[in-house]
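Lettering of chains follows the sequences in order, A, B, ..., and the numbering in each one begins at 1. None of the values given here were measured: they were computed from a predicted structure.
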2 protein chains.
Amino acid sequence: LDYQHVQVPFEITLWIMLASLAKIGFHLYNKLPSVVPESCLLIFVGLIMGGIIYGLNDRSPPVMDSDIFFLYLLPPIVLDAGYFMPSRPFFENIGTILLYAVVGTIWNVFGIGFSLYGICQVKSFRLQDVSLLHNLLFGSLIAAVDPVAVLAVFEEIHVNEKLHILVFGESLLNDAVTVVLYKLFRSFCEMPTIKSVDVFAGIGKFFVVGLGGVLVGLSFGFTAAFTTRFTKDIRVIEPLFVFLYSYLSYLTAEMFHLSGIVAIISCAMGMKRYVEANISLKSHTTVKYFMKMWSSVSDTLIFIFLGVSTIGENHEWNWPYICFTVIFCLVWRALGVLVLTFFVNRFHVNTITSKDQFIIAYGGLRGAICFSLVFLLPDFHRKKLFIAATTVVILFTVFVQGMTIRPLVDLLAVKRKRESAPTVGEQIHIRFLDHLLAGIEDISGHWGQYYWKDKLEYFNSKYLQKILLREYDQPKSSIVLLYEKLERKHAMELAQAGQLGHGLAHPSFLCSAFLCSSNDRTVITDQKLEDTPNPDVLDNMQEILARNLYRIRRTGPAYNRHTLPGDSEPAERAKEILILRHKSL
Amino acid sequence: LDYQHVQVPFEITLWIMLASLAKIGFHLYNKLPSVVPESCLLIFVGLIMGGIIYGLNDRSPPVMDSDIFFLYLLPPIVLDAGYFMPSRPFFENIGTILLYAVVGTIWNVFGIGFSLYGICQVKSFRLQDVSLLHNLLFGSLIAAVDPVAVLAVFEEIHVNEKLHILVFGESLLNDAVTVVLYKLFRSFCEMPTIKSVDVFAGIGKFFVVGLGGVLVGLSFGFTAAFTTRFTKDIRVIEPLFVFLYSYLSYLTAEMFHLSGIVAIISCAMGMKRYVEANISLKSHTTVKYFMKMWSSVSDTLIFIFLGVSTIGENHEWNWPYICFTVIFCLVWRALGVLVLTFFVNRFHVNTITSKDQFIIAYGGLRGAICFSLVFLLPDFHRKKLFIAATTVVILFTVFVQGMTIRPLVDLLAVKRKRESAPTVGEQIHIRFLDHLLAGIEDISGHWGQYYWKDKLEYFNSKYLQKILLREYDQPKSSIVLLYEKLERKHAMELAQAGQLGHGLAHPSFLCSAFLCSSNDRTVITDQKLEDTPNPDVLDNMQEILARNLYRIRRTGPAYNRHTLPGDSEPAERAKEILILRHKSL
């Protein structure tokens with residue numbers, strides 16, 4: 001027996017196996033996951049495992065290595081989140097999300113830090129030796145909402161898309177703020193004196209860390225898109241590039257002390273549309289499937305490790321400090337959401353309701369990021385207290401808040417996610433309105449989001465697409481081609497039967513004209529609208545409608561980490577079309 | 001800048017990136033890969049990289065770590081090879097393959113070892129200090145044909161399936177022999193005296209190492225199949241189990257000093273048909289795609305590292321020893337193939353032609369396995385000589401033999417692989433003959449391969465399928481369901497039109513009766529053959545023909561590491577059916 005030789009890969013494989021089997025186990029009993037979130041069950045499994053290890057060895061089980069967490073477990077989850085991010089609601093609410101992520105997080109850090117410092121002044125709690133800086137440092141790591149925990153809970157409760165993106169977007173983008181504040185306070189702790197220059201440098205760092213992350217991510221994303229232009233002859237390694245470039249963007253950002261999470265999200269969002277157009281349908285299935293699989297496993301491992309690491313003798317149980325931490329986390333978050341939403345609602349027509357505000361405040365779950373950060377703290381005599389407080393906050397938010405949020409959402413009758421995909425009509429009207437609003441903004445000289453979106457789209461189709469796409473034209477999926485072929489055949493048959501006339505819906509003409517290409521808007525407004533559609537225009541309409549009709553089925557309406565959007569098989573869709581066709585024949 | 005922190009994953013990612021980009025680069029110029037095998041180009045890239053590293057640092061570049069090779073790079077390639085192994089030609093030629101792999105390898109080891117010892121006795125070569133045992137140890141590592149090198153070259157020359165499986169199967173199965181002989185001679189080198197008991201123990205080890213590997217592999221394979229019975233609710237992690245279980249089988253075998261290669265191949269071949277039936281179509285695409293991708297990258301990295309490791313000062317250039325090693329490798333392999341084939345041909349009707357024998361002997365390429373084994377040798381004063389000889393043998397076989405084998409195959413007009421898939425008729429006749437031969441063997445009391453195949457099939461459908469498959473019935477792909485639906489519709493339409501009669505092909509009745517289930521053979525021979533087919537039988541025939549008609553398109557005829565079998569999209573097939581249907585309507 002030569003265990004030493006294979007130990008590392010063997011143990012890694014066994015851990016992953018355990019995680020996967022645990023997942024299968026939960027799903028065998030369908031009632032369990034509907035009551036208790038999976039994250040709680042996994043932490044519970046971890047606690048049991050940790051207990052067993054502790055009992056057998058009589059020493060603390062190994063804690064989750066922060067390096068392993070940040071370098072290997074976190075990137076797949078964030079990549080998955082960024083790649084499947086519904087971009088429309090995200091960009092529509094980007095202002096609000098940034099406000100929550102930046103101002104909200106700073107508010108929480110200082111609120112929690114200062115009020116815990118106040119608690120430390122109470123003599124009977126025996127906490128006078130915890131300085132203000134240490135409290136602020138602790139505040140900076142405990143304030144940040146955790147994307148992994150948020151995802152795990154929110155994907156199961158199906159709230160409406162806007163609410164989901166507000167909480168989830170905040171949890172992703174607050175990484176830049178957390179990184180800066182955590183590193184700032186940590187270096188302040190080690191400095192003898194703090195000059196005001198350092199504080200201003202710290203504020204400047206926000207922009208460097210956040211925007212730097214975006215820049216690194218986008219440049220890797222575009223390089224990835226450019227690379228996939230040349231993979232036509234070796235389809236098999238196409239999926240690899242998606243993973244390699246996004247991972248490199250994360251590592252590069254981490255290397256330069258920028259926000260890795262922001263980088264990998266920008267990379268994924270930047271490359272997605274070009275890569276999807278360049279790679280084959282099968283490669284794309286593999287990319288999506290593997291991303292889901294990987295993030296699912298990472299997430300499972302994180303929660304199990306969280307459980308395992310909780311057991312042991314790393315904790316100092318000063319209950320006043322721990323209890324007040326939990327209370328302050330809840331109170332300051334609630335206050336922050338209330339105040340910030342008050343400002344947000346003043347500038348928006350589509351306001352955030354008080355129910356939504358409650359869910360946003362209540363959904364501020366803490367998770368493995370806090371846990372890894374607290375272990376990364378430099379050694380000082382109260383580190384074990386901070387570890388204990390962090391552990392309790394995480395367990396409290398994941399168990400208590402995570403398990404009660406679903407009943408609360410039911411009780412409050414929070415607006416749910418719509419189950420059905422938007423119809424073709426809706427889709428067309430949304431696009432139509434987008435162009436209309438962009439035109440209005442252009443005429444009125446107001447540079448709003450529609451104006452910029454339109455400009456970006458123009459830049460994209462004029463330059464980016466030409467560089468990054470293999471074929472300049474938007475490629476069509478085989479199912480669309482099939483549908484078009486059938487459509488054409490049908491039209492020909494109708495034409496032969498003499499039934500094809502001017503009966504094609506006239507109102508859709510406007511839409512299709514607006515749709516046909518995003519930068520055609522100015523062209524079309526210049527062009528005289530003819531009274532009768534000519535054959536070319538008709539063809540165009542036909543094609544666009546055909547394309548949309550089947551593309552909409554493919555775009556899943558919302559984000560879910562465990563299933564792939566558009567799960568219906570191409571063959572099944574082909575069947576559906578066939579049946580429709582048979583009926584019409 | 002904090003490079004230390006991300007160094008390990010960053011450098012791994014960069015190496016993989018380099019490998020992938022090199023692959024893209026070669027394929028951009030279509031003429032290059034058609035003349036020079038990719039493996040040669042990759043070694044060349046590695047040599048350049050190694051030269052650069054050597055020039056910059058002025059010390060030997062890092063050699064490929066044997067642990068990394070055996071634990072991380074080799075398993076994906078072998079898994080891929082095992083999973084896509086064409087099982088019919090493999091089992092039809094298993095006897096010949098085992099003869100080449102076991103007897104042939106032993107022949108080569110002792111042949112090369114003893115004749116090199118003879119060379120060492122020539123005084124002018126200054127090699128008298130290399131003992132017989134050391135020569136035999138060297139022989140044991142240099143004799144084994146390398147699966148990675150064989151695959152890389154043979155997949156590009158498209159020889160006929162039998163020839164391919166003979167060389168490739170030998171290269172895979174000789175691992176057991178190599179492991180035993182290498183470890184035996186290595187321990188003999190360290191022992192003061194060798195008893196005859198040790199020699200007999202060594203012989204016994206062959207069976208333990210080989211059969212143990214098969215046993216470990218099959219048990220993991222069946223566990224994997226059993227696990228995928230329960231993944232219906234979490235499709236996303238299905239592909240994971242295929243990789244986890246096969247990797248565990250490899251690691252477990254290595255841990256017990258069994259043959260890891262044999263284990264992972266048994267695991268892959270054992271689980272394949274059950275796993276494929278249990279998991280979803282999308283999961284299956286992901287498994288296939290990812291396996292191809294992974295093995296392709298591993299293979300690229302191995303050849304690049306081979307090139308990099310060649311540069312440096314690890315070599316002792318004793319040219320007589322090196323040249324004679326190359327010559328003996330060629331001569332003993334040629335002799336071995338000639339002698340063994342002489343015996344094989346005496347017992348077979350379908351003989352191996354002299355052209356095939358030449359290609360088998362010439363295709364005995366050495367590769368990264370020898371290279372890793374030679375670095376694993378215990379330190380002794382002539383290790384650098386062995387490293388130099390191994391390097392030269394590998395470069396000679398990969399470059400000279402690898403580059404000339406394609407022109408030679410053209411020149412000799414070796415029978416090529418048939419390009420087209422077998423027709424439905426052929427397929428039906430093959431199955432028919434199988435059952436017929438099994439029946440004949442049964443009656444004549446001869447326990448041949450057909451008898452055993454039939455028994456195995458019976459055991460499989462009676463026990464294994466019931467345990468390992470989610471649904472007991474062979475599941476149907478959606479495209480087959482679609483086809484069946486159309487077929488039914490068609491039949492109903494014909495029935496309504498009154499055209500459906502007794503016209504359905506009578507001769508196919510026999511075939512379908514033989515086909516309908518493999519263990520029905522005895523049932524059918526007992527059962528009286530009715531004169532007119534009743535409706536049930538007709539339905540059965542209809543269904544079987546429908547199933548086979550479209551299953552055959554799906555099974556790729558031969559093995560290729562860079563493309564997936566059955567590349568035509570389901571949607572495309574649906575289109576085809578649709579067109580056929582339209583025509584018939």
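The contact between Tyr72(A) and chain B is made entirely by side chain atoms (from C-beta outward), counting heavy-atom distances below 4.5 Å. With a 4.5 angstrom heavy-atom cutoff, Leu71(B) touches chain A only via side-chain atoms. In this structure, chain A has a heavy atom under 4.5 Å from the side chain of Phe241(B), while its backbone stays farther away.
Rounding to the nearest 0.5 Å places CG of Leu240(B) at 9.0 Å from OG of Ser296(A). Rounded to the nearest 0.5 Å, atoms NE2 (His5(B)) and NE2 (His257(A)) are 8.5 Å apart. Taken to the nearest 0.5 Å, the CD1 atom of Ile16(A) stands 10.0 Å off from the OH atom of Tyr247(B). Going from atom NZ of Lys23(A) over to atom CD1 of Ile237(B) covers 6.5 Å, rounded to the nearest 0.5 Å. Atom CG of residue Leu18(A) and atom CG of residue Leu244(B) lie 11.0 Å apart, to the nearest 0.5 angstrom. A distance of 13.5 Å separates OG1 in Thr285(B) from NE2 in His284(A), rounded to the nearest 0.5 Å.
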Going through the checks in order, is the side-chain contact (heavy atoms from CB on, under 4.5 Å) test met by Phe230(A) and His27(B)?
CA-CA 9 Å; Phe230(A) 305 102; His27(B) 281 273; over 6 Å; no
Which is it for Thr227(A) and Leu21(B) under the side-chain contact (heavy atoms from CB on, under 4.5 Å) test, yes or no, and what are the steps along the way?
CA-CA 9 Å; Thr227(A) 311; Leu21(B) 290 178; 3.9 Å; yes
Let's go through Phe10(B) and Leu248(A) carefully: what are the C-alpha distance in whole Å and the side-chain angles of both, what is the deciding distance for side-chain contact (heavy atoms from CB on, under 4.5 Å) to 0.1 Å, and is it a yes or a no?
CA-CA 7 Å; Phe10(B) 197 76; Leu248(A) 274 184; 3.8 Å; yes
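For chain A, the option among Val8(B), Val297(B), Thr231(B), Ile24(B) with the highest count of heavy-atom pairs below 4.5 Å is Ile24(B).
Applying the side chain to side chain donor-acceptor pair (under 3.5 Å) definition to pairs two or more places apart or across chains, those involving residues 10-20 of chain A are Tyr3(A)-Glu11(A), Gln7(A)-Glu11(A).
Listed by chain and residue number, Phe243(A), Ser283(A), Thr286(A), Val287(A), Tyr289(B), Met293(B) satisfy the side chain to side chain contact (heavy atoms under 4.5 Å, CB included) test with Pro239(A) (two or more places apart in sequence, or in another chain).
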